[in-house]
K.L.:
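Would you mind keeping the following structure in view while I ask a few things?
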Amino acid sequence: MTPFSFRLLRKDPATKARLGLMKTAHGLVQTPAFMPVGTQGTVKGLLPETVRGLGAQMILANTYHLYLRPGHRLIEDMGGLHRFMNWPGPILTDSGGFQVHSLAGLRKISEEGVLFQSHIDGSRHVLTPEKAVEIQESLGSDIMMCFDECTPYPADHDYARKSMERTLRWAKRCRDARKTGRGALFGIIQGGMYPDLREKSVEETVKTGFDGYALGGLSVGETKEDMLRVVEIAEPLLPDDRPRYVMGVGMPEDILACVTRGIDLFDCVLPTRTARNGMLFTNSGKLVIRHAQYRNDEGPVDGDCDCYTCRHYSRAYLRHLFMAGEILALVLNTIHNVRYYMRFMETLRAAIRSGEMAGFQEDFKKKRGNGDRVHDREPL
RNA sequence: GGAGGGGUUCCCGAGUGGCCAAAGGGAGCAGACUGUAAAUCUGCCGGCGCAGCCUACGGAGGUUCGAAUCCUCCCCCCUCCA
């Protein structure tokens, strides 16, 4: 009854990269795909039609934040999140599991759920698996995420195991809590950096049965090596016919590395947040627009880029706007970065379609120095 | 002409005998950012041969063991009176 399906269209002959098509209640998503993050019901700084125009197929919104403000009931009364925010396309909602991690100082975990103290006004709220599903259904989410605990890093084996097992129990509760059947539901695999825990988490989560599977608890401070190791452990155990989503990843090279390891879906605040902080992605690495060297640079941010910002504005002007604290700087930077990511994903899909993923990977490595197993904090 | 206030490191501005290369802003220069408590956060911000030295608080001189801080003269700015 869920208007959700995933079709695997093609597998790359040389790598594990997959080309797929996801069908949701609000439209199609070609995978591998990257979702810009719109936590509070907006991709910060951009009009929805701009987001769409940049090539975004699906965006991510957040259960915890929208529950606190303005409240999921209000959004439901206003016709659901799609209508409320004027985004007609697919929306995936994160469950609040990440806030268990990012707001660690403001919450308390129990078997029942998580007691949060609002970062907005200090009021207390309990998020349970059932509540998280209820909120997401009420928002009208196309893909809901199970309520989990994004395991901190580092975590010892004992903690990671307990956390993972609890997430497993919560996953079952989430599955059983669905009422409308309109949104798809993805399970989330945890287990820290421990192979045995990750394996168990995948097996049990798959056994529970979801429309798609996500790897959580990554890009929380671990090394790239650890991150990819976890992907390599989990991926072979995941069913071929369901989308695989690595949550919170990441830098373009991380996405590439995950795609060649069989991952279909990504989200990350990096393109939008760093844009607002003055960092721009380019084919030759990162560009910090406030740097003095761009003071009178007439060139575009990235000569290879087809975005509105690169077609119309010089680095000098963008630097000026940023240094002057102008809102337009944030908008233009965000347009560029989101377009950079979207085009990157388009290129990846094209490479898989034509069976040239391996070659693409090589070119990317050459261009970046070492595109795959990069060190931490490598420039792009 | 008279009375008062003031001149501090790129800018604003605190400091009124030693704890002062001098608070705090700003500007500037870098770094970070990975299921967004983020248009945020962090660092640097006189020079050098750098556990020390040199140059610096309008200028010149003086008092003092020691002066951005006290005294004298000079220059400049502001306010009020004539």
Side-chain angles (χ1 to χ4, degrees), chain A residues 34-46 58-66 68-69 92-107 116-122 132 136 141 143-151 153 167 186 188-190 212 214-224 227 245-255 257-258 265-281 286 288-295 319 321-334 337 341 374 376-380:
Chain A
F34 178 87
M35 299 176 280
V37 176
T39 303
Q40 308 209 64
T42 167
V43 176
K44 293 182 195 298
L46 300 184
M58 176 160 62
I59 60 169
L60 178 147
N62 184 278
T63 298
Y64 174 78
H65 288 281
L66 292 174
L68 279 187
R69 183 171 57 191
L92 180 148
T93 45
D94 185 29
S95 60
F98 185 70
Q99 279 61 48
V100 179
H101 171 259
S102 64
L103 301 178
L106 294 169
R107 60 46 175 178
F116 283 98
Q117 188 157 12
S118 164
H119 63 283
I120 300 166
D121 63 6
Q136 294 182 81
S141 173
I143 300 177
M144 308 183 287
M145 298 304 299
C146 282
F147 188 53
D148 66 330
E149 180 196 359
C150 179
T151 307
Y153 178 87
T167 289
F186 281 21
I188 304 177
I189 285 126
Q190 291 290 345
L215 295 179
L218 296 176
S219 55
V220 288
E222 78 283 6
T223 63
K224 309 269 185 196
M227 194 262 286
Y245 165 28
V246 171
M247 306 183 80
V249 168
M251 295 294 277
E253 67 265 20
D254 302 337
I255 292 173
C258 288
L265 190 58
F266 304 88
D267 80 278
C268 189
V269 304
L270 227 34
T272 44
R273 178 187 289 169
T274 59
R276 296 192 305 279
N277 293 337
M279 195 194 97
L280 300 165
F281 290 87
K286 66 182 181 184
V288 179
I289 198 62
R290 63 173 201 273
H291 283 184
Q293 59 178 299
Y294 305 123
R295 186 189 297 276
R319 177 176 193 274
L321 290 182
F322 191 81
M323 298 308 270
E326 284 292 339
I327 295 170
L328 187 58
L330 314 183
V331 174
L332 292 175
N333 288 352
T334 304
N337 275 357
Y341 265 67
V374 290
D376 284 324
R377 307 290 173 254
E378 272 288 303
L380 194 63

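The model shown is predicted, which means the values in this text are computed figures rather than measured ones. In the text below, chain A, chain B and the rest are named by the order of the sequence lines, each starting its count at 1.
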K.L.:
Return whichever of A:Ile327 or A:Gly217 has its heavy-atom-nearest nucleotide of RNA chain B closer to the 5' end.
P.N.:
A:Gly217
K.L.:
Counting the atoms with a prime plus P, OP1 and OP2 as sugar-phosphate, which does A:Asp148 contact under 4.0 Å by heavy atoms, base, sugar-phosphate, or nothing?
P.N.:
base
K.L.:
Do A:Val100 and A:Phe116 have side chains that get closer than 4.5 Å, going by heavy atoms?
P.N.:
yes
K.L.:
Return no unless some side-chain N or O of A:Ser219 is found under 4.0 Å from OP1 or OP2 of B:U34.
P.N.:
no
K.L.:
OP1, OP2 of B:G35 versus side-chain N and O of A:Asn62: anything below 4.0 Å?
P.N.:
no
K.L.:
For a quick check under 3.5 Å, do A:Thr93 and A:Gln136 share a side-chain donor-acceptor pair by atom type?
P.N.:
yes
K.L.:
Check the distance between B:U34's P and A:Asp94's CG and give it to me in whole angstrom.
P.N.:
15 Å
K.L.:
I would like to know whether A:Tyr245 and A:Asp267 meet side-chain hydrogen bond (donor to acceptor under 3.5 Å, both in side chains); could you show each step before the answer?
P.N.:
CA-CA 9 Å; A:Tyr245 165 28; A:Asp267 80 278; 2.7 Å; yes
K.L.:
With respect to the side chain of A:Arg295, which nucleotide from B:G35, B:U36, B:C29 is positioned closest?
P.N.:
B:C29
K.L.:
Nearest-nucleotide wise, let me know which of A:Arg290 and A:Phe98 is further upstream toward the 5' end of RNA chain B.
P.N.:
A:Arg290
K.L.:
Students often get this wrong, so: under 4.0 angstrom with heavy atoms, is A:Leu106 touching a base, only sugar-phosphate, or nothing?
P.N.:
base
K.L.:
The side chain of A:His291 lies closest to which of these nucleotides: B:G31, B:G35, B:C33?
P.N.:
B:G31
K.L.:
Between B:G13 and B:C44, how far apart are the two P atoms, rounded to whole Å?
P.N.:
26 Å
K.L.:
A:Leu330 near the nucleic acid: base, sugar-phosphate alone, or nothing, with a heavy-atom cut-off under 4.0 Å?
P.N.:
base
K.L.:
Rounding to the closest angstrom, what is the interatomic distance between B:C10 and B:G18 at atom C1'?
P.N.:
29 Å
K.L.:
Taking B:G66 as the reference, what is the distance to B:C54 when you measure between their P atoms (whole Å, please)?
P.N.:
15 Å
K.L.:
Expressed in angstrom and rounded to an integer, what is the separation of A:Met279 atom CE from B:C41 atom P?
P.N.:
19 Å
K.L.:
Check the angle between the aromatic planes of A:Tyr294 and A:His291 and answer parallel, tilted or perpendicular using the 30° and 60° thresholds.
P.N.:
parallel
K.L.:
Taking any heavy-atom pair under 4.0 Å as a contact, classify A:His101: base, sugar-phosphate, or nothing.
P.N.:
nothing
K.L.:
Indicate, with a heavy-atom threshold strictly under 4.0 Å, whether A:Ile188 touches base, sugar-phosphate, or nothing.
P.N.:
base
K.L.:
Using a heavy-atom cut-off of under 4.0 Å over every strand shown, decide if A:Gln117 touches base, sugar-phosphate, or nothing.
P.N.:
nothing
K.L.:
Scan A:Glu149, A:Gln99, A:His119, A:Gln117 and name whichever one has a side chain to side chain contact (heavy atoms under 4.5 Å, CB included) with A:Arg107.
P.N.:
A:Glu149
K.L.:
Is there a donor-acceptor pair closer than 3.5 Å between any side-chain N or O of A:Ser95 and the backbone N or O of A:Ala132?
P.N.:
no
K.L.:
Grab the CE-C1' distance between A:Met247 and B:G35 for me, whole Å please.
P.N.:
4 Å
K.L.:
May I ask you to evaluate whether A:Arg273 reaches the phosphate of B:U34, defined as a side-chain N or O under 4.0 Å from OP1 or OP2?
P.N.:
yes
K.L.:
Does any N or O in the side chain of A:Arg276 come within less than 3.5 Å of the main-chain N or O of A:Leu330, such that one atom is a donor and the other an acceptor?
P.N.:
no
K.L.:
Using only modelled atom types and a 3.5 angstrom limit, is any donor from either the side chain of A:Thr274 or the base of B:U34 paired with an acceptor on the other?
P.N.:
no
K.L.:
What integer distance in Å separates A:Asn277:CG from B:A30:C1'?
P.N.:
14 Å
K.L.:
Classify A:Arg319 by what it touches in the nucleic acid, base, sugar-phosphate, or nothing, heavy-atom distance under 4.0 Å.
P.N.:
sugar-phosphate
K.L.:
Strictly distance-based, threshold 3.5 Å: is any side-chain N or O of A:Asn62 a donor or acceptor partner for the main-chain N or O of A:Thr39?
P.N.:
no
K.L.:
Under 4.0 Å, heavy atoms only, any strand: does A:Met323 hit a base, just the sugar-phosphate, or nothing?
P.N.:
sugar-phosphate
K.L.:
For B:U36 and A:His119 - does any side-chain N or O of the residue sit under 4.0 Å from the phosphate oxygens OP1/OP2?
P.N.:
no
K.L.:
Is the phosphate of B:G35, meaning OP1 or OP2, less than 4.0 Å from a side-chain N or O of A:Gln99?
P.N.:
no
K.L.:
Between atom CG in A:Asn333 and atom P in B:C33, what is the gap in whole Å?
P.N.:
17 Å
K.L.:
Between B:U9 and B:G26, how far apart are the two C1' atoms, rounded to whole Å?
P.N.:
14 Å
K.L.:
Does the side chain of A:Lys224 get closer than 4.0 angstrom to OP1 or OP2 of B:U34 through an N or O atom?
P.N.:
no
K.L.:
Measuring only the C1' atom in each nucleotide, how far is B:U34 from B:U40? A whole number of Å is fine.
P.N.:
15 Å
K.L.:
Does B:A37 have its OP1 or OP2 closer than 4.0 Å to a side-chain nitrogen or oxygen of A:Ser118?
P.N.:
no
K.L.:
If you measure from the C1' atom in B:G58 to the same atom in B:C78, how many Å do you get, rounded?
P.N.:
15 Å
K.L.:
Roughly, in whole Å, what's the span from CZ in A:Arg276 to P in B:U36?
P.N.:
12 Å
K.L.:
Using the C1' atom as the reference point in each nucleotide, state the distance between B:C48 and B:A67 in Å, no decimals.
P.N.:
25 Å
K.L.:
Please report the distance separating the C1' of B:G15 from the corresponding atom of B:C29, rounded so that it comes out in whole Å.
P.N.:
27 Å
